[in-house]
Asks: 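For reference, the structure I am asking about is given below.
Note that these values count all heavy atoms, side chains included, but never hydrogens, waters or copies made by symmetry.
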2 protein chains.
Amino acid sequence: MTFIEQASDAIRDSGGRMTRQRRIIIEQIAGAQWDAESLYAELTAAGEEVSLATVYRTLSVLEGAGLLQQRYLSPDHERRVYVPLTTLQTHHFTCKGCGKVIPFETDIVGRLSSELAAGMGLQVTSGCICVEGYCVDCQEETT
Amino acid sequence: MTFIEQASDAIRDSGGRMTRQRRIIIEQIAGAQWDAESLYAELTAAGEEVSLATVYRTLSVLEGAGLLQQRYLSPDHERRVYVPLTTLQTHHFTCKGCGKVIPFETDIVGRLSSELAAGMGLQVTSGCICVEGYCVDCQEETT
DNA sequence: CCTGCTATTGCGAGTCATTTTCAACACCAG
DNA sequence: CTGGTGTTGAAAATGACTCGCAATAGCAGG
Ligand SMILES: [Mn+2]
Ligand SMILES: [Mn+2]
Ligand SMILES: [Zn+2]
Ligand SMILES: [Zn+2]
């Protein structure tokens with residue numbers, strides 16, 4: 001079952017409707033992560049008619065359905081992106097030099113959850129990891 | 001050397017001036033973490049005269065000097081707080097049940113930095129880790 | 001196919017934390 | 001003291017959303 005089918009089902013199962021706007025948004029985000037503004041810009045540039053408010057609303061609906069997760073790309077909360085859960089659950093490193101976003105995988109949230117559960121009895125339900133610094137290219141430049 | 005002395009030195013060393021407003025802000029944040037609005041409310045409640053804009057600006061200056069670090073208390077980055085680097089409490093767990101914020105210490109950012117440096121050559125300069133879930137009390141209630 | 005109910009949309013207005021503008025002010029080196 | 005300039009307060013501006021509401025359009029049922 002594709003991401004788009006999953007999304008349609010999830011929306012219909014909760015009494016929602018599949019609209020033209022939702023369809024184009026879902027198709028666009030099926031392949032990669034997007035933040036609301038960029039996704040909106042991309043769609044309108046491609047001639048699709050949809051409003052920014054609807055992009056925000058649809059991303060929120062899909063997140064509620066468990067099909068997307070929101071992430072922040074840098075520690076200072078610059079940009080909120082939504083990642084489809086079909087892609088591997090990654091976190092992001094943002095280069096302060098060139099702005100490049102480099103995804104990486106880690107089970108650090110899982111490890112932290114275990115530590116907190118064992119040590120303090122805390123039950124972690126969600127976590128956010130954002131790191132920034134300098135990529136290989138930008139480290140060389142400053143040398 | 002106290003936090004206040006450190007701050008004064010850092011400000012003067014960079015060509016800045018120690019003003020009445022900066023002094024009271026520095027004294028207040030020397031002991032604990034604050035977000036800008038709360039710090040402002042606390043100071044004005046205590047009869048101190050300072051503007052919210054100056055609170056924001058001073059926190060930013062101190063962060064630039066390396067004396068404070070900003071943190072978000074929950075994964076959805078609701079509240080930004082500044083923590084003095086003299087205290088060791090570095091990260092925060094927010095309870096979704098009662099709103100309690102529980103600080104904890106971990107070298108998990110350090111470990112992640114090492115992993116990224118070794119594996120991908122990335123140089124991490126700052127990172128943010130925020131976790132939320134349920135505290136011990138709130139776990140019991142739902143049982 | 002119609003139809004009607006109501007979920008959804010578009011657009012403007014509203015939020016809200018944070019930043020900026022700019023004229024008045026106050027540090028502090030000399 | 002005093003001038004130069006770093007800082008401040010108040011208000012306006014930002015930016016990233018979120019909301020209100022009338023118009024629109026899915027879609028279940030007939
Ligand atoms: Mn933001
Ligand atoms: Mn974070
Ligand atoms: Zn780079
Ligand atoms: Zn709790």
Side-chain angles (χ1 to χ4, degrees), chain A residues 4 7-26 28 33-44 47-65 68 70-82 128 130, chain B residues 4 7-26 28-29 33-44 47-65 68-82 128 130:
Chain A
I4 297 164
S8 302
D9 288 356
I11 286 173
R12 291 219 176 79
D13 288 353
S14 62
R17 297 172 182 175
M18 268 306 292
T19 64
R20 173 179 55 77
Q21 291 89 338
R22 285 183 174 173
R23 188 157 15 249
I24 62 175
I25 291 168
I26 292 168
Q28 191 66 39
Q33 64 178 36
W34 289 92
D35 66 277
E37 301 264 4
S38 307
L39 207 171
Y40 170 71
E42 181 74 17
L43 291 177
T44 51
E48 301 289 356
E49 292 189 352
V50 63
S51 71
L52 179 57
T54 293
V55 171
Y56 274 110
R57 282 188 285 233
T58 301
L59 291 177
S60 182
V61 165
L62 295 174
E63 191 206 359
L68 299 179
Q70 45 181 94
R71 291 279 155 73
Y72 291 88
L73 293 191
S74 63
D76 52 352
H77 181 190
E78 276 164 351
R79 221 155 45 114
R80 174 203 276 177
V81 298
Y82 285 85
C128 156
C130 345
Chain B
I4 298 165
S8 302
D9 287 356
I11 286 173
R12 291 222 174 80
D13 288 353
S14 63
R17 297 173 183 174
M18 268 307 289
T19 64
R20 174 179 54 78
Q21 292 90 335
R22 285 184 173 172
R23 187 156 16 248
I24 63 175
I25 292 168
I26 292 168
Q28 191 66 38
I29 206 170
Q33 64 178 37
W34 290 92
D35 65 276
E37 301 263 5
S38 307
L39 206 171
Y40 170 71
E42 181 73 18
L43 290 177
T44 51
E48 300 290 356
E49 292 189 352
V50 62
S51 72
L52 180 56
T54 292
V55 170
Y56 274 109
R57 283 188 285 232
T58 301
L59 291 177
S60 182
V61 164
L62 295 175
E63 190 204 0
L68 299 179
Q69 274 188 1
Q70 47 178 94
R71 289 282 145 74
Y72 291 88
L73 293 192
S74 64
D76 48 358
H77 290 202
E78 276 164 351
R79 235 173 80 190
R80 175 201 276 176
V81 298
Y82 285 85
C128 153
C130 344

Asks: Pick base, sugar-phosphate or nothing for B:Arg57, based on heavy-atom distances below 4.0 Å to the nucleic acid.
Replies: base

Asks: To the nearest Å, give me how far apart CG (A:Leu39) and C1' (D:dA16) are.
Replies: 15 Å

Asks: Without swapping roles, check the side chain of A:Thr44 against the backbone of A:Tyr40 for a donor-acceptor pair under 3.5 Å.
Replies: yes

Asks: Can you check the B:Arg22 CZ to C:dC25 P distance for me, whole Å?
Replies: 19 Å

Asks: Is A:Gln21 close to A:Thr58 at the side-chain level, that is, under 4.5 Å between some pair of heavy atoms?
Replies: no

Asks: Just the rounded figure in Å: distance from C1' of D:dA10 to CD of B:Glu49.
Replies: 14 Å

Asks: Specify the residue among B:Gln21 and B:Glu37 whose closest nucleotide of DNA chain C lies further upstream toward the 5′ end.
Replies: B:Glu37

Asks: So which nucleotide from C:dA7, C:dA17, D:dG9 ends up closest to the side chain of A:Arg17?
Replies: C:dA7

Asks: Round to a whole Å and report the spacing from CD1 of B:Ile24 to C1' of D:dT8.
Replies: 12 Å

Asks: Check whether any side-chain heavy atom of B:Tyr82 lies under 4.5 Å from a side-chain heavy atom of B:Leu62, and answer yes or no.
Replies: no

Asks: Report the distance from atom OH of B:Tyr56 to atom P of C:dC16, rounded to the nearest whole Å.
Replies: 13 Å

Asks: If we ignore hydrogens and angles and just use 3.5 Å, is the side chain of A:Arg20 paired with the main-chain N or O of A:Glu49 as donor and acceptor?
Replies: yes

Asks: By nearest nucleotide on DNA chain C, pick out whichever of A:Thr54 and B:Leu52 is the more 5' one.
Replies: A:Thr54

Asks: What's the CG-C1' distance between B:Asp13 and C:dA29, to the nearest Å?
Replies: 15 Å

Asks: Does any part of the side chain of B:Leu39, heavy atoms only, come nearer than 4.5 Å to the side chain of B:Leu59, both counted from C-beta?
Replies: yes

Asks: Indicate, with a heavy-atom threshold strictly under 4.0 Å, whether B:Arg12 touches base, sugar-phosphate, or nothing.
Replies: sugar-phosphate

Asks: Tell me whether the OP1 or OP2 atom of C:dA7 has a side-chain N or O from A:Thr19 closer than 4.0 Å.
Replies: no

Asks: From CD of B:Glu63 over to C1' of C:dT18, roughly how many Å is that when rounded to an integer?
Replies: 13 Å

Asks: Mind calculating the distance between CE (B:Met18) and C1' (C:dC27) to the nearest angstrom?
Replies: 11 Å

Asks: When you measure from the side-chain N and O atoms of B:Arg20 to the phosphate of C:dA26, is any distance below 4.0 Å, counting only OP1 and OP2?
Replies: no

